[in-house]
2 protein chains.
Amino acid sequence: MQRPTIKTIAQETGLSIATISKALKNSPQVRPETRAIVVAAAERVGYELNMHGVQLRTGKTYQVAAIMTAPGPKQQEWEGVEYAQLLSGISWALEESPYRVSLYAVRNFEESLATIRQIVSLKKADGIIVSGTRADDPRVRIMQDADFPFVTYGTTIHNDPHAYVDADNEQMIRRSVARLVERGHRRIALINPMADLSYAITRLDAYRGALDIAGLPFDPALVVHDRLTPAFGRESVLTMSRLPDPPTAYICANEASALGAFSGFHERGLVHGRDAVINATDDLNVSQYFAPPITTYFLPINEPSELLGSYILRRMEGEPPEALQALIMPKLIERSDDRVVPKR
Amino acid sequence: MQRPTIKTIAQETGLSIATISKALKNSPQVRPETRAIVVAAAERVGYELNMHGVQLRTGKTYQVAAIMTAPGPKQQEWEGVEYAQLLSGISWALEESPYRVSLYAVRNFEESLATIRQIVSLKKADGIIVSGTRADDPRVRIMQDADFPFVTYGTTIHNDPHAYVDADNEQMIRRSVARLVERGHRRIALINPMADLSYAITRLDAYRGALDIAGLPFDPALVVHDRLTPAFGRESVLTMSRLPDPPTAYICANEASALGAFSGFHERGLVHGRDAVINATDDLNVSQYFAPPITTYFLPINEPSELLGSYILRRMEGEPPEALQALIMPKLIERSDDRVVPKR
DNA sequence: TATCAAAATAAAAACGTTTAACTTCTTTGT
DNA sequence: ACAAAGAAGTTAAACGTTTTTATTTTGATA
């Protein structure tokens with residue numbers, strides 16, 4: 001027995017396939033009574049819309065492309081693990097819609113650029129979600145030029161306005177620094193993501209601004225940029241703790257680097273809360289299990305990810321991008337006093 | 001200007017669309033010279049196959065459904081993070097093929113069952129990759145009954161043979177236990193995944209077998225089953241360390257639970273290597289950053305994930321499932337001596 | 001050179017849907 | 001009472017491909 005089509009329903013009801021099609025999509029051209037008959041018949045025969053027909057006819061793909069930048073296979077590091085939660089959040093937001101998440105794993109920025117170019121020009125999806133935005137992001141421009149719906153996870157700085165979701169990095173860093181200064185810290189390290197990422201710049205600027213306000217000097221030796229792996233956090237601590245005037249606080253951009261920082265503490269014999277402290281930005285709620293638990297700004301990743309999903313839906317419906325911008329302020333979770341007794 | 005189709009090429013070359021179609025798929029029915037002409041023309045006009053037409057005509061979807069079981073949004077726990085790497089591995093394995101990974105996030109087993117039922121009956125994908133297998137898995141049976149290509153990440157115990165990829169849990173646990181026994185441990189705890197998962201049973205059986213061989217008694221109080229979150233690892237340590245005769249070694253099923261176990265150590269004032277030790281199964285290579293680093297069986301997750309990708313491709317090509325089964329033995333990484341001085 | 005089989009190409013139908021254009025029927029306004 | 005307008009439905013074409021069937025071309029043979 002074949003899968004029923006609108007033709008099946010047409011025969012079943014004696015109506016034409018055009019009417020069936022219209023009835024099923026609630027066109028005002030068909031009478032409510034007729035629609036009821038059609039719907040009943042569809043129900044009876046177990047009809048389900050065949051997307052392939054729709055896609056061919058309308059050119060819509062009903063796919064949302066999620067561009068996932070993950071390091072290559074050789075690169076065995078704890079990086080980008082929050083992507084799992086990000087994807088599931090997006091997927092759930094699309095659940096009630098006919099759209100599916102189609103995954104495009106890429107190794108680096110260039111690949112993501114090429115992939116996006118292809119998706120846009122060959123219309124392999126109806127919308128794109130992309131993360132790891134740069135200050136001036138060519139991918140954003142490509143999609144804007146083609147008038148292609150997209151949402152970024154992360155802001156840009158020099159691009160025209162577009163739909164985005166991001167944590168409020170600016171506020172987060174300003175308050176982090178201010179709080180540490182209040183607690184007597186004068187040498188605060190910033191473990192920052194890759195320098196070309198937009199939020200690295202935002203964080204750095206906020207950091208410098210906060211230092212200014214506190215009347216503290218900016219020391220480039222206390223700022224590092226790289227991929228946010230544990231290895232990076234570890235190396236940073238190993239290096240900076242050897243400075244003549246080492247930091248008493250480390251602000252880590254995520255939990256992976258914070259974990260690595262702990263590893264560096266262990267290696268150097270540093271004790272958290274005595275020699276220095278670690279703060280972090282948390283989106284997996286894992287810092288509470290560190291020993292000791294650390295103070296973090298916590299933004300449960302499902303929030304931005306579900307927002308990404310609903311934004312791309314609304315963007316594909318034609319809503320203007322200006323209405324689809326969210327900066328979310330993470331919640332401060334103070335798990336540690338974070339005071340450090342000044343040496344001597 | 002419209003996107004070129006085979007019709008464009010037909011006009012361009014003066015051939016019929018049937019010939020174009022055949023030429024482009026290397027049918028022996030078309031002369032090499034003709035094919036050359038067609039290919040050249042296709043190149044010239046920048047032709048790309050339109051999948052929608054193909055899909056409608058052939059019924060193939062060129063989608064591989066990846067069923068991702070992730071806890072609901074409220075459930076803010078570090079769980080299932082390795083899924084990100086899993087998905088990217090699969091996605092890379094499919095890169096050269098026309099197939100794409102389509103993501104289906106589900107909250108629990110029942111949802112995954114329903115989702116798979118739907119994918120199979122409505123043919124929403126050409127193949128399925130599913131994880132979290134149970135000893136007797138109804139999803140496997142559904143797919144087998146429908147003769148639907150699939151690969152599981154994880155074995156089953158009571159199902160008919162099918163394609164799978166898994167770590168060799170049996171060997172891993174046997175050797176883990178034997179190694180700990182060699183180092184003087186007589187009370188070894190097993191932090192195991194949910195009891196209905198196939199690998200929980202495999203691990204438990206191996207654990208009992210290894211204890212038997214070592215002449216040690218089996219104590220049910222030393223075995224716990226639950227979702228592998230840090231919270232679970234932590235709770236397990238908090239509880240077990242209060243036993244009259246507490247364990248001196250904890251074998252954790254993944255890194256999340258191992259991290260939680262450390263948190264439990266910290267809470268109880270236990271020192272790793274003095275009071276007890278933690279071993280784990282590692283697929284993200286993160287245990288090296290614990291303080292102190294712990295001994296693990298390491299299986300870089302990209303290995304099984306790329307295997308999953310290539311297996312599903314071969315399965316969709318019609319290879320028999322018996323040829324597509326892999327049990328991978330993780331590599332022992334001894335980061336700690338793991339001897340514990342007996343109390344008193 | 002005529003014949004025939006084989007090889008190469010063309011024609012046409014089909015996959016399931018949407019939609020523009022058309023027909024029929026009913027209602028409304030003068 | 002009748003034309004015009006509106007409502008509800010139908011017809012037919014179209015989206016881009018594959019594949020079955022039909023037709024033409026080619027080359028070998030008698």
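In what follows, every chain begins at residue 1, and chains take the letters A, B, ... in the order their sequences are listed. Since we're looking at a predicted model, the values are computed, not measured.
- Distance, A/Ile17 CD1 to D/dT11 C1': 9 Å, rounded to whole Å.
- OP1 and OP2 of D/dG16 both lie 4.0 Å or more from every side-chain N or O belonging to B/Arg57.
- Taking for each of B/Val30 and B/Thr58 the nucleotide of DNA chain C with the nearest heavy atom, the 5'-most of the two is the partner of B/Val30.
- Between the CG atom of B/Leu15 and the P atom of C/dA11 there is a distance of 11 Å, rounded to whole Å.
- Residue A/Leu49 is in sugar-phosphate contact alone, with no base atom involved, counting any heavy-atom pair closer than 4.0 Å across all strands shown.
- At whole-Å resolution of the value, CZ in B/Arg31 and P in C/dA7 are 13 Å apart.
- Remark: A/Lys124 does not engage B/Glu48 in a salt bridge, criterion side-chain N to carboxylate O under 4.0 Å.
- With rounding to whole Å, B/Lys60 atom NZ is found 18 Å from C/dG16 atom P.
- Remark: C1' of C/dG16 and NZ of A/Lys25 are 12 Å apart, rounded to the nearest angstrom.
- Atom CD1 of A/Ile312 is separated from atom CG of A/Leu307 by 12.0 Å, given to the nearest 0.5 angstrom.
- Under the side-chain hydrogen bond (donor to acceptor under 3.5 Å, both in side chains) rule, B/Arg141 has a single partner from B/Thr156, B/Asn159, B/Asp136, which is B/Asp136.
- Between A/Gln29 atom CD and C/dT24 atom P there is a gap of 17 Å when expressed in whole angstrom units.
- OP1 or OP2 of C/dT17 has not a single side-chain nitrogen or oxygen of A/Tyr62 nearer than 4.0 Å.
- Residue B/Lys22 is classed as a base contact, given a heavy-atom separation below 4.0 Å to a base.
- Here the CG atom belonging to B/Asp166 is positioned 6.0 Å from the CG atom belonging to B/Leu327, to the nearest 0.5 angstrom.
- To the nearest angstrom, C1' of D/dA8 lies 13 Å from CD1 of A/Ile37.
- Checking the phosphate oxygens (OP1, OP2) of C/dT9, a side-chain nitrogen or oxygen of B/Thr34 falls inside 4.0 Å.
- Phosphate proximity of C/dT17 to A/Ser21: absent, as no side-chain N or O sits under 4.0 Å from OP1 or OP2.
- Within 4.0 Å of A/Thr5, counting heavy atoms only, lie sugar-phosphate atoms of the nucleic acid but no base atom.
- Taking side-chain N and O atoms only, B/Thr19 has a distance below 4.0 Å to OP1 or OP2 of C/dA10.
- When rounded to the nearest whole Å, the span between CG of A/Leu56 and P of D/dA13 equals 17 Å.
- Remark: B/Ser16 is in phosphate contact with C/dA10, judged by side-chain N or O atoms under 4.0 Å from OP1 or OP2.
- Comparing atom distances between the B/Val54 side chain and each of C/dT18, C/dC15, D/dT17 picks out D/dT17 as nearest.
- Side-chain contact, B/Ser88 with A/Tyr83: no donor N or O sits under 3.5 Å from an acceptor N or O.
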